[in-house]
Amino acid sequence: MFAAERRQLILEMVRANGAVSLRELARVVQTSEVTVRRDVRALEAEGLLDRRHGGAVLPGGFTRESGFPQKSHLATAEKTAIADLAAGLVEEGEAIVVGAGTTTQELARRLARVPGLTVVTNSLLVAQALAHANRVEVVMTGGTLRGSNYALVGSGAEQSLQGLRVSRAFLSGSGLTAERGLSTSNMLSASVDRALVQAAAEVVVLADHSKLGTDTMFQTVPTDVITRLVTDEPPAHDDRAVTELQALADQGVQIAIAGASATGTGPAGGDPVPTRQTRRDVPLPGQRRTQLPGGPQLRSASALDQAPPERAVRVADLRRR
């Protein structure tokens with residue numbers, strides 16, 4: 001198949017489905033994901049589609065958002081690795097909030113094995129993933145159901161979070177930049193995410209590398225409020241993602257990279273960079289946000305919080321490759 005034929009077929013698939021993963025595109029046009037990525041980049045340069053989340057979507061800039069059926073098939077391997085790593089941050093007996101999203105849904109499936117956990121969420125999918133966990137208590141917000149991502153939004157959801165205090169918030173979004181932080185394409189979702197952040201002592205953002213450097217309409221979490229970012233390892237050619245990781249690290253965000261190889265070392269021969277297999281040993285700093293006056297004592301992440309920060313090590317290693 002000639003390049004022009006491949007690109008026309010790719011464009012037709014995206015127009016028909018709204019969003020298609022690179023893996024699915026490669027399967028249909030019977031070529032490699034590297035070739036498909038090059039085709040998608042060329043089509044994006046012509047303004048015919050946008051690259052998003054390990055796939056391609058209809059163009060629309062700040063105003064469009066893919067629905068759950070499309071998102072659930074994008075960057076699935078990356079989301080799985082991120083969820084595996086993020087689950088290692090949660091300890092027995094903690095109280096946390098988990099926002100809506102396909103990556104947080106993957107996290108919830110792993111949290112079902114953490115005994116004594118209390119999870120507050122506005123996501124029906126997160127609640128469903130934890131529904132049969134014997135020793136996990138699920139608390140749902142009120143609100144109005146937003147069918148595109150199965151999340152509860154609106155004033156009812158926000159009011160139900162007032163007065164709540166938990167140790168961590170795990171959130172995802174549509175884009176993440178060092179300049180604006182985490183953002184999303186929907187105003188109601190952004191408002192509830194901000195309420196979730198206010199309830200937590202720490203904020204952990206789960207975002208695959210394709211969201212790095214992407215900016216969408218509504219800011220949810222400013223960069224200076226993000227404690228940790230859990231992401232996957234960007235491809236060697238993705239300079240935008242690597243640059244954004246460095247900028248986030250420079251602003252004090254702790255970077256944890258899922259699935260990274262353990263070949264790098266810290267400064268002066270320090271600890272190895274984080275790996276997916278040793279996720280409990282990922283070096284993370286102490287809490288960046290202070291406890292609110294009058295709030296209960298919050299559980300720390302023990303060894304995770306006591307380890308020395310190594311936030312720029314992995315980013316520097318990525319640049320050297």
With a 4.5 Å limit on heavy-atom distance, are the side chains of Val139 and Leu164 in contact? no

Answer whether the closest heavy-atom distance between the side chains of Leu117 and Val119 falls below 4.5 Å. yes

Donor-acceptor contact present, side-chain Ser167 to main-chain Glu94, <3.5 Å: no

Any donor-acceptor pair under 3.5 Å from Thr231 side chain to Ala207 backbone: yes

Could you give the distance from CG (Leu130) to CD (Glu137), rounded to the nearest 0.5 Å? 11.5 Å

Interatomic distance, OG1@Thr243 vs CG@Leu212, rounded to 0.5 Å, equals 10.5 Å

For a side chain to side chain contact (heavy atoms under 4.5 Å, CB included) check, start with the C-alpha distance between Asp250 and Gln246, then their side-chain angles and the critical distance, and finish with the verdict. CA-CA 6 Å; Asp250 290 343; Gln246 183 64 65; 3.0 Å; yes

Rounded to the nearest 0.5 Å, what separation is found between the CZ atom of Phe170 and the CZ atom of Arg228? 8.0 Å

Val97 versus Gln198: any side-chain heavy-atom pair under 4.5 Å? no

Is there a side-chain contact between Leu176 and Ile226 in this structure, where contact means two heavy atoms from C-beta onward sitting under 4.5 Å apart? yes

Give a yes or no on whether the backbone of Glu78 and the side-chain of Asp232 come within a donor-acceptor separation of less than 3.5 Å. no

Under a 4.5 Å cut-off applied to non-hydrogen side-chain atoms, are Leu152 and Met140 in contact? yes

Taking side chain as C-beta onward, heavy atoms only, is Val40 less than 4.5 Å from Leu22? yes

Which atoms form the tightest heavy-atom contact between Ala26 and Val36, and what is the distance? CA-CG2, 3.6 Å

Tell me the closest heavy-atom pair linking Ala129 and Ala108, and the distance in Å. CB-CB, 3.8 Å

Closest contact, heavy atoms only, Ala81 versus Ala258: O-CB, 3.3 Å

Roughly how far, to the nearest 0.5 Å, is CD1 of Ile82 from OG1 of Thr104? 11.5 Å

Please identify which of these residues, Leu196, Val204, Leu111, meets the side-chain contact (heavy atoms from CB on, under 4.5 Å) condition with Val98. Leu111

Backbone N or O of Val114 within a donor-acceptor pair of the Glu92 side chain at under 3.5 Å? no

Across all chains, not counting sequence neighbours, the salt bridge (charged side-chain N to carboxylate O under 4.0 Å, His left out) partners of Asp39 are Arg6, Arg7

Any sub-3.5 Å donor-acceptor pair from Thr35's side-chain atoms to Thr31's backbone N or O? no

Step by step, would you call Ser183 with Thr216 a side-chain hydrogen bond (donor to acceptor under 3.5 Å, both in side chains)? CA-CA 6 Å; Ser183 62; Thr216 53; 2.7 Å; yes

Spell out, as yes or no, whether a donor-acceptor pair under 3.5 Å connects the side chain of Thr220 to the backbone of Leu182. yes

Between Arg146 and Ser189, does a side chain to side chain contact (heavy atoms under 4.5 Å, CB included) hold up when you go through it step by step? CA-CA 9 Å; Arg146 183 168 179 256; Ser189 295; 3.2 Å; yes

For the backbone of Gly175 and the side chain of Thr214, can you confirm whether one donor and one acceptor N or O come within less than 3.5 Å of each other? no

Determine whether Leu171 and Leu206 satisfy the following criterion, side chain to side chain contact (heavy atoms under 4.5 Å, CB included), listing intermediate values before the conclusion. CA-CA 6 Å; Leu171 298 176; Leu206 312 181; over 6 Å; no

Taking Glu244 first and then Arg240, would you say they form a salt bridge - that is, a charged N and a carboxylate O separated by under 4.0 Å? no

If I take atom NZ from residue Lys79 and atom OG from residue Ser172, how far apart are they, to the nearest 0.5 angstrom? 7.5 Å

Report, as yes or no, whether the 6.0 Å neighbourhood of atom CD on Gln30 holds more than 12 heavy atoms from other residues, nucleotides or ligands. no

Arg180 versus Thr223: any side-chain heavy-atom pair under 4.5 Å? no

After noting the C-alpha distance and the side-chain angles of Arg110 and Thr80, does the key distance pass the side chain to side chain contact (heavy atoms under 4.5 Å, CB included) rule? CA-CA 10 Å; Arg110 288 146 182 82; Thr80 298; 3.2 Å; yes

Which atom names give the shortest non-hydrogen contact between Ala133 and Ala112, and what distance separates them? CB-O, 3.7 Å

Please tell me if the side chains of Leu245 and Leu229 come closer than 4.5 Å, counting only heavy atoms from C-beta onward. yes

Looking only at heavy atoms, which two atoms of Arg109 and Arg113 are closest? And how far apart? O-NH1, 4.3 Å

Separation between CD of Glu106 and CG of Asp84, rounded to the nearest 0.5 Å: 8.5 Å

Pair Ser210, Asp208: side-chain N/O donor-acceptor within cut-off below 3.5 Å: yes

Whether the side chain of Ser123 engages the backbone of Ala100 through a donor-acceptor N/O pair (distance < 3.5 Å, no angle test) should be reported. no

Looking at Arg41 and Glu44, is any side-chain nitrogen of the basic one under 4.0 Å from a carboxylate oxygen of the acidic one? no

Passes side-chain hydrogen bond (donor to acceptor under 3.5 Å, both in side chains), Ser174 versus Lys211? Steps please. CA-CA 7 Å; Ser174 302; Lys211 297 181 182 180; over 6 Å; no

Hey, are Arg168 and Glu202 close enough for a salt bridge, meaning a charged N less than 4.0 Å from a carboxylate O? yes

Under the side-chain hydrogen bond (donor to acceptor under 3.5 Å, both in side chains) rule, collect the residues that match up with Arg23, sequence neighbours excluded. none

Is a side-chain donor or acceptor of Ser191 paired with a backbone partner of Leu188 at a separation under 3.5 angstrom? no

Treat each ILVMFWY residue as a node, draw an edge where side-chain heavy atoms are under 4.5 Å apart, and state whether Val34 and Leu43 are in one component. no

Tell me whether Thr141 contacts the main-chain N or O of Ala157 through its side chain, where contact means a donor paired with an acceptor under 3.5 Å. no

Considering non-hydrogen atoms only, spot the tightest contact between Leu161 and Ala195 and give its length. CD1-CB, 3.7 Å

